[in-house]
Protein chains: 2
Amino acid sequence: MATRTRRSQRRTEALSRERIVEAAIELLDAAGESGLTFRALTERLATGPGAIYWHVANKGELLGAATDAVVAAALAAEPAASAKSPEPAGPAGPAESPEAAGPAESAGPAEAAGPAESAESPEAAGAAGAAGPAESAGSPQDGIRAVALGLFDAIEEHPWLASQLMTQLSHSLWETVAPRIFESVGRQIRALGVPESSWFAATSALMHYILGAAGQNATNAASARTLGPEVDRARFLDAASTAWEQLDPDDYPFTRAVAGQLRGHDDREQFLAGVDLILAGITASLPAR
Amino acid sequence: MATRTRRSQRRTEALSRERIVEAAIELLDAAGESGLTFRALTERLATGPGAIYWHVANKGELLGAATDAVVAAALAAEPAASAKSPEPAGPAGPAESPEAAGPAESAGPAEAAGPAESAESPEAAGAAGAAGPAESAGSPQDGIRAVALGLFDAIEEHPWLASQLMTQLSHSLWETVAPRIFESVGRQIRALGVPESSWFAATSALMHYILGAAGQNATNAASARTLGPEVDRARFLDAASTAWEQLDPDDYPFTRAVAGQLRGHDDREQFLAGVDLILAGITASLPAR
DNA sequence: ACCTGAACACCGTTCAAGT
DNA sequence: ACCTGAACACCGTTCAAGT
């Protein structure tokens, strides 16, 4: 049974690119990258493949649009590209408007980001104002941590996102999602007092770390989920840690020594420690105040 | 024409897991991840799919084996797991021996790594000896740069590697390739004088950055290659840079300001600058000597 | 302008059968 | 023990045809 319309499909509101992207994100979240299929999509949207191809060029473009929508939503709480925040969805990029905000958010495991909101760059202080409900700390460091955690959480909620951002980062994504991330991270770098000649290098380094670490974490989480439906994150780390402890002592002395730290570590904490490490490197090479 | 045996296939030496992995790497290098097909594999090896499935469980395992082989080769010049370097290929891991060295190396663009070889950790100084033909510098920093460049080059030569390492990093890879990288990077971290309690965090941060940055770079290089068969890397950066310069000034002031640096930058140099940034952060938080 | 759905070429994987 | 190759279920994409 349940062959059709798991979703009570009114199917009044005509097909649109937005609806297709929304459905694609839902499928990706539910079943990973292999879950996004034109067959599954047509069933969920109650159409034929031709209808989808009328709105979307191919699967790659659809993946790109889904990626952009989720990243935009993740950075929306941030002061990134939101000088005109109240309006529904102004066309942010130059070419093909990128689907507005993200659907399928659903506030996952109840706790969500935490800090967020926070700092605008000092020299443009008038714009941000005191609108934050929470603490709204001020330092650029806090701003960077907030952006980093925003992406970290988005990738954890949408594990397929890591692969897209890291390695599918096609031409079109370079022109839509890369600027979003660069802008959010870079404003804080600028606020930190980094000299302009180092902006690109510092921002790139941070972005690479953030995507790398968040991606790895999401993969581990996904692996853990696959092993057993629940309980399992600790079990996964425990298994990996045990395997490391059994490596050849001559070939892998360091890895064996570090196996215990693998077992005990908290992903989120470790992630932020890495961010702070890079921030320490950046501030250490800052010109004298 | 040319339907069969593009490769003059003697086909005497029986099929083996090694030959299959070797052929898989060749296909991946030649045509990317989508180029690895059981059909293409059977043609190149002059067999049927059943023969391959007798040696290999499925495509995922084959990808994992290819990944492990290439990473092992990339780190082989390093002092990682090579206490017994002359011997052909001792079984390094505990389970399923990992294919020995990498085939398909072919010394790409004639120049290759550069530094490499270099330092063993000080407290085991006797083992390394003065065997290096080149400069063989000594500092742990140089060691880390060498490991980082080794992986950077491997990913550039095998662009499919990034995606495997970043997001396909399945259970089995955690137990074969992750320790290789951890060991190579971690020994230098230890030699740097980082306190043991921070080994895991520091090594992880570096590894995430290395994989993230190298992966991004490989993707860009691949995108550039797709646009035009040659010339193109500069053209690709130029196009992206121009697109960034045309972003909305209100929404993307930082990204616009940094577009010029995107155009001019050298991937390799930028990559090493990021490594040094993290090293600066690590040494900055070192306990007083 | 927008949608339908059969059809095409291709994919990973299986398996009865051979040697 | 190792290999063959037809067959199966599924995939992305196309396209003549409808409204």
Side-chain angles (χ1 to χ4, degrees), chain A residues 2-5 9-25 27-28 30-67 96 160 163-164 168 170 172 226, chain B residues 2-6 9-25 27-28 30-67 96-97 160 163-164 168 170 172 226:
Chain A
T3 28
R4 252 177 183 274
T5 61
Q9 200 61 39
R10 288 161 314 195
R11 191 75 177 78
T12 24
E13 34 177 340
L15 209 47
S16 70
R17 196 177 151 95
E18 283 78 22
R19 294 250 326 105
I20 294 174
V21 171
E22 180 188 352
I25 293 172
L27 287 172
L28 287 164
E33 193 151 351
S34 69
L36 177 55
T37 295
F38 275 83
R39 307 267 200 266
L41 215 45
T42 56
E43 190 186 333
R44 193 174 202 109
L45 294 170
T47 38
I52 295 173
Y53 275 95
W54 198 90
H55 293 276
V56 149
N58 51 43
K59 193 177 179 179
E61 192 194 287
L62 181 54
L63 268 169
T67 301
E96 17 161 295
W160 50 272
S163 163
Q164 286 313 114
Q168 262 64 29
S170 60
S172 73
T226 316
Chain B
T3 28
R4 251 174 186 274
T5 60
R6 234 207 68 190
Q9 200 62 37
R10 288 160 316 192
R11 191 73 176 79
T12 25
E13 33 176 341
L15 208 48
S16 70
R17 195 178 151 97
E18 282 78 23
R19 294 248 329 103
I20 294 173
V21 171
E22 179 188 352
I25 293 173
L27 286 173
L28 286 164
E33 193 151 349
S34 69
L36 177 56
T37 295
F38 274 83
R39 306 266 202 266
L41 215 45
T42 56
E43 189 185 334
R44 193 174 202 110
L45 294 170
T47 37
I52 295 173
Y53 274 95
W54 198 91
H55 293 277
V56 149
N58 51 44
K59 194 178 180 180
E61 192 195 289
L62 181 54
L63 268 168
T67 301
E96 17 164 293
S97 65
W160 50 273
S163 163
Q164 287 311 115
Q168 263 63 28
S170 61
S172 74
T226 317

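So that the names make sense, note that chain A is the first sequence line, chain B the second, and so on, each numbered from 1. Computed from a prediction, not measured in an experiment: that's the story for all the values here.
The nearest pair of heavy atoms linking Gly35(A) to Ala40(A) is O-CB, 4.1 Å. Taking each heavy atom of Leu15(A) and Ala51(A) in turn, the nearest pair found is CD2-CB, 3.7 Å.
Atom-to-atom, NZ of Lys59(B) to P of dC10(D) comes out at 18 Å; the value is rounded to the nearest Å. Distance CD1 (Ile52(B)) to P (dG5(D)): 13 Å, rounded to an integer number of Å. In this structure, CZ of Arg39(B) is placed 12 Å from C1' of dC11(D), rounded to the nearest angstrom. The distance from atom CG of Leu15(B) to atom P of dA1(D) is 17 Å, rounded to the nearest whole Å. Residue Phe38(A) contributes atom CZ, which lies 15 Å from atom C1' of dC3(C) at whole-angstrom precision. Going from atom CD of Glu43(B) over to atom P of dC10(C) covers 12 Å, rounded to whole Å. Between Leu36(B) atom CG and dT13(C) atom P there is a gap of 10 Å when expressed in whole angstrom units. Atom OH in Tyr53(B) sits about 13 Å away from atom C1' in dC8(D), given to the nearest Å.
Under the 4.5 Å side-chain criterion, counting only non-hydrogen atoms from C-beta, Leu27(A) is not in contact with Thr37(A). Side-chain contact between Val21(B) and Val56(B) is absent, with no heavy atoms from C-beta onward closer than 4.5 Å. Side-chain atoms of Trp160(B) and Ile25(B), non-hydrogen and from C-beta on, do get closer than 4.5 Å to each other.
The pair Arg44(A)-Glu22(A) does not count as a salt bridge, with every side-chain nitrogen at least 4.0 angstrom from each carboxylate oxygen.
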Starting at the 5' end of DNA chain C, what dot-bracket string do you get if Watson-Crick and G-U pairs under 3.5 Å are bracketed, crossing pairs use [ ], other-strand pairs use | and unpaired bases use dots?
-> ||.|||||...|||||.||
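Taking the side chain of Ala51(B) as heavy atoms from C-beta on, and the options dT13(D), dT4(D), dT13(C), the nearest nucleotide is dT4(D). With dG12(C), dT13(D), dC3(C) as the choices, the nucleotide that has an atom nearest any side-chain atom of Ala14(A) turns out to be dC3(C).
The residue among Ala57(B) and Trp54(A) whose nearest nucleotide of DNA chain C is located toward the 5' end is Trp54(A). Each of Ala40(A) and Ser16(B) lies near DNA chain D, and the nucleotide nearest Ser16(B) is the one positioned closer to the 5' end.
Put simply, His55(B) has a side-chain N or O that comes within less than 4.0 Å of OP1 or OP2 on dC3(D). Proximity of Thr37(A) to the phosphate of dC11(D): a side-chain N or O atom is located under 4.0 Å from OP1 or OP2.
Note that the CZ atom of Arg39(A) and the CG atom of Leu41(A) stand 12.0 Å from one another [nearest 0.5 Å].
On the P atoms, dA17(D) is 22 Å away from dC2(C), given to the nearest whole Å.
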